[in-house]
Amino acid sequence: MAKNKQKNVLPGFNLSLGYTLLYLSLIVLIPLSAAFFKTTELTFAEFWHTVTTPRVIASYKLTFGASLFAAVINAIFGLLTAWVLTRYTFPGKKLVDALVDLPFALPTAVAGIALTAVYATNGWLGSLLEPHGIKVAFTPLGVVVALTFIGLPFVVRTVQPVLEDLEAETEEAAASLGANRWQTFSRVILPALWPALLTGFALAFARAVGEYGSVIFIAGNMPMVSEITPLIIITKLEQYDYAGATAVAVVMLVISFLLLFAINGLQWWSSRRNSASR
Amino acid sequence: MSTTVSQLAHYNAKVARSRATSEPAWIRWSLIIVSLLFLSLFLFIPLAAVFTEALRKGFETYIAALIEPDALSAIKLTLIAAAIALPLNLVFGVAAAWAIAKFEFKGKSILITLIDLPFAVSPVIAGLIYVLIFGLQGWFGEWLIDNDLKVIFAIPGIVLATIFVTFPFIARELIPLMQAQGKDEEEAGLVLGASGWQILWHITLPNIKWGLLYGVILTNARAMGEFGAVSVVSGHIRGMTNTMPLHVEILYNEYNYAAAFAVASLLAFLALITLALKSYIEWQSARSVVAAKPVDE
């Protein structure tokens, strides 16, 4: 503060920052640190053994693989949805726009049982897919469906404002210089959308990795096949294996923190690019 | 006469623009249809399924599932958890946004990242960390037993887990909003002799009311719907520590689908109200921005 030439005259700095730090420490930082302290009860060999048993490894593969798959689906169709919602008009558009946020508002357990009902072999969509040999509910594909639902709004909502702010002049310039519509899209519009698209993709991926509620209903939860990592943590907890549960949780925490830093970096890049273009 | 000319010019420009920078109708409509198909598969059809499944066995079974004592106690507990978590995170959100938006200090961006942490943590882990602290083998486990207090498998644990998962919502909404608004108005209030609390109450809060409301309804939706974190700390004691989402799970696992979907439909209804309020707030705040603009220029 002393470095500031112009002294800030507003009151309440110490109180508001002090309260923020106190509340943050009590609710988030100290409890999270408990997870790291708990793992110190294990030797490194024990820790490593716990987090690399075949069943846990299989759960990482499913969790990260399905999350990646779902995030890719969301990146493609989220971009398309954002485009349709900003560029075109059609009846019911306002309603569709509002409903895109449904996965943020709908409790995950409700989403889980609803998706299971729809995609089970006797469900509305499941019964249509079964004759073609496609089973969704109670298979890894069901996990992808649930994670796609959970991450759906992220890409739409990060890309939409950038598309809205895109100036028509750049597209007109491209068109007047002889670019066809596809060239304009891939060489002018898409590069401007990249940071937002990547941010939305990363947010959807990060959310999917930790998701529990919607997945457990549709996954079938078979060990080695359709068991996600958060479920492994729950199972270990129910067996009172607190150290084991915490070891797996710490692995997930570290990955989540890395993702969070990557997302913050992406958002910084995207805001810098947007302000530079203005 | 002049208006018709300018209207015509405007119309011509519009036609020229739409030809150069828009797609042919068939592309437009196929994109719209593909997008709606995607949204139907993942959003609209599952949403419709909640309500049809809930009413499958008739309206009487539906009502019976909602007024049964365990369901009522789950509804009550959900409301209690949200009613405690909401004001606490509200006060925190305003305090954090005040410190971050109105002052410069070292480590600000680290602080913002730390506030985001609960978004990045799996809900299951959010529950786990409180078990590690307040559970039987936890840091305060013995002390809690000696003093006959219960946190895990009791209401305090559920409230704590709910606070954790909804921690960043209001702060995240307010920080960019208050940063964009600057501090000129607050400084003017100070010069005119207002106290800090008067500035907060009469200047800052009215300025951020829409953002605040937006954060509150998002927090509320998540607080009432949280499943993973609450599931870890609740212990699933029927009629005691079951929230609505946990009640849905228990009914579902007992193959009592009609009742499970009946309670789920209440939560889905709540989600739809949340979305309606959210759209209303977005519309209102866009209007107040438009209304404020001519004054600036």
Side-chain angles (χ1 to χ4, degrees), chain A residues 4 8-13 16-17 19-20 23-24 27-28 31-32 34-35 38 77 80-81 84 88 90 96 98-99 101-102 105-110 113-115 117-118 124-125 148-149 152 168 171-172 175 181 206 210 212-213 230 233-234 237 242 245-246 249 252-253 256 259-260 264, chain B residues 20-21 23 28 31-32 34-35 38-39 42-43 45-47 49-50 53 92 95-96 98-99 102-104 113-118 120-125 128-130 132-133 137 163-164 167 183 186-187 190 196 221 225 227-228 232 245 248-249 252 260 264 267-268 271 274-275 278-279:
Chain A
N4 286 1
N8 198 329
V9 289
L10 286 178
F13 176 67
S16 60
L17 187 65
Y19 182 73
T20 301
Y23 192 73
L24 178 71
I27 299 290
V28 180
L32 275 180
K38 184 78 186 171
F77 289 96
L80 174 66
T81 304
V84 164
Y88 305 148
F90 55 92
V96 171
L99 280 175
D101 281 329
L102 184 71
L106 193 71
T108 51
V110 178
I113 63 170
L115 289 169
V118 170
W124 291 343
L125 295 173
T148 306
F149 173 87
L152 200 149
E171 284 171 59
E172 283 161 10
R181 201 55 197 143
Y212 172 72
I233 297 174
I234 296 261
L237 266 181
Y242 287 11
T246 313
M252 287 204 76
L253 274 178
S256 303
L259 278 172
L260 183 67
N264 276 0
Chain B
T21 62
E23 293 75 41
R28 247 182 300 154
L31 290 179
I32 290 173
V34 171
S35 159
F38 167 72
L39 293 175
F42 288 96
L43 287 186
I45 294 176
L47 181 65
V50 174
E53 291 288 330
F92 162 73
W98 181 270
K102 307 289 181 195
F103 299 94
E104 293 304 323
T113 306
L114 288 177
I115 289 175
D116 271 350
L117 263 186
V121 173
S122 170
V124 169
I125 297 175
L128 168 78
I129 56 179
Y130 291 110
L132 293 179
I133 292 180
Q137 313 173 346
I163 293 175
F164 184 95
F167 184 88
K183 50 192 181 193
E186 280 82 0
E187 283 169 352
L190 196 74
F227 178 76
V232 174
V248 170
E249 184 202 17
Y252 189 84
L267 289 165
T274 302
L275 293 185
K278 195 171 159 287
S279 302

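Quick note on labels: first sequence line is chain A, next is B, and so on, each numbered from 1. Heavy atoms only: backbone and side chains are in, while hydrogens, waters and symmetry mates are out.
The shortest non-hydrogen separation linking A/Ala109 to B/Phe227 is CB-CD1, 3.7 Å. Summarising the geometry of B/Ser35 relative to A/Val84, their closest heavy-atom pair is CB-CG2, 4.1 Å, with the distance given to 0.1 Å. Of all non-hydrogen atoms in A/Pro11 and B/Leu190, the two that sit nearest each other are CD-CD1, 4.0 Å. Here the shortest heavy-atom pairing between A/Ala105 and B/Ala221 reads O-CB, 4.2 Å. Across all their heavy atoms, B/Ala260 and A/Ile113 have their closest contact at O-CD1, 4.3 Å. Closest heavy-atom contact between A/Ala34 and B/Ile133: CB-CG1, 3.8 Å.
In this structure, the side chains of A/Leu24 and B/Phe167 come closer than 4.5 Å at one or more pairs of heavy atoms. You'll find the side chain of A/Leu80 stays beyond 4.5 Å of the side chain of B/Phe38, heavy atoms only.
In terms of heavy-atom pairs under 4.5 Å with chain B, the best-connected choice from A/Ile234, A/Leu115, A/Thr148 is A/Thr148. Of the listed residues (A/Leu253, A/Val28, A/Leu125), the one with the most heavy-atom contacts under 4.5 Å to chain B is A/Val28. Chain B forms the most heavy-atom pairs under 4.5 Å with one residue out of A/Ile27, A/Leu260, A/Leu99, and that residue is A/Ile27. Between chain B and the options A/Gly210, A/Ala35, A/Gly12, heavy-atom pairs under 4.5 Å are most frequent for A/Gly210. Chain B forms the most heavy-atom pairs under 4.5 Å with one residue out of A/Ala114, A/Gly213, A/Pro31, and that residue is A/Pro31. Counting heavy-atom pairs under 4.5 Å between each of A/Tyr212, A/Tyr242, A/Phe77, A/Tyr23 and chain B puts A/Tyr23 at the top.
Atom CG of A/Leu32 is separated from atom CD1 of B/Ile125 by 8.5 Å, given to the nearest 0.5 angstrom. Note that CG of A/Leu152 and CG of B/Leu43 are 5.0 Å apart. Values are rounded to the nearest 0.5 Å. Distance check: B/Ile129 CD1 to A/Thr246 OG1 gives 10.5 Å after rounding to the nearest 0.5 Å. Taken from CG in A/Asp101 to OG1 in B/Thr274, the straight-line distance is 10.5 Å, to the nearest 0.5 Å. Atoms CG and CD, from A/Leu10 and B/Glu187 in turn, are 5.0 Å apart once rounded to the nearest 0.5 Å. To the nearest 0.5 angstrom, B/Glu23 atom CD is 3.5 Å from A/Tyr88 atom OH.
Contacts of B/Leu132 with chain A are made by side-chain atoms alone, with heavy-atom separations under 4.5 Å and no backbone atom involved. Using a 4.5 Å cut-off between heavy atoms, B/Tyr252 touches chain A through its side chain atoms alone. For chain A, the nearby part of B/Tyr130 is the side chain; its heavy atoms alone come within less than 4.5 Å. For B/Leu39, the part lying near chain A is the side chain, with the backbone staying farther off; criterion is any non-hydrogen pair under 4.5 Å. Of the two parts of A/Asn264, only the side chain, counted from C-beta on, holds a non-hydrogen atom closer than 4.5 Å to a non-hydrogen atom of chain B. Using a 4.5 Å cut-off between heavy atoms, B/Leu31 touches chain A through backbone and side chain atoms alike. Interface remark: A/Ala206 contributes no atoms to any contact with chain B (heavy atom separation under 4.5 Å).
Although no hydrogens or angles enter the test, the distance criterion places no donor-acceptor pair under 3.5 Å between the side chain of B/Ser279 and the main chain of A/Ala98.
Ring centroid separation for the pair B/Phe103 and A/Phe13 comes in under the 6.0 Å cut-off.
B/Glu186 pairs by the salt bridge (Lys or Arg N to Asp or Glu O under 4.0 Å) definition with B/Lys102, not counting sequence neighbours. Taking A/Ala245 as the reference, A/Ile233, A/Lys236, A/Leu237, B/Leu128 meet the side-chain contact (heavy atoms from CB on, under 4.5 Å) condition, with sequence neighbours excluded.
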>> Pair B/Leu267, A/Leu106 - check side-chain contact (heavy atoms from CB on, under 4.5 Å), show working.
In response: CA-CA 7 Å; B/Leu267 289 165; A/Leu106 193 71; 5.9 Å; no

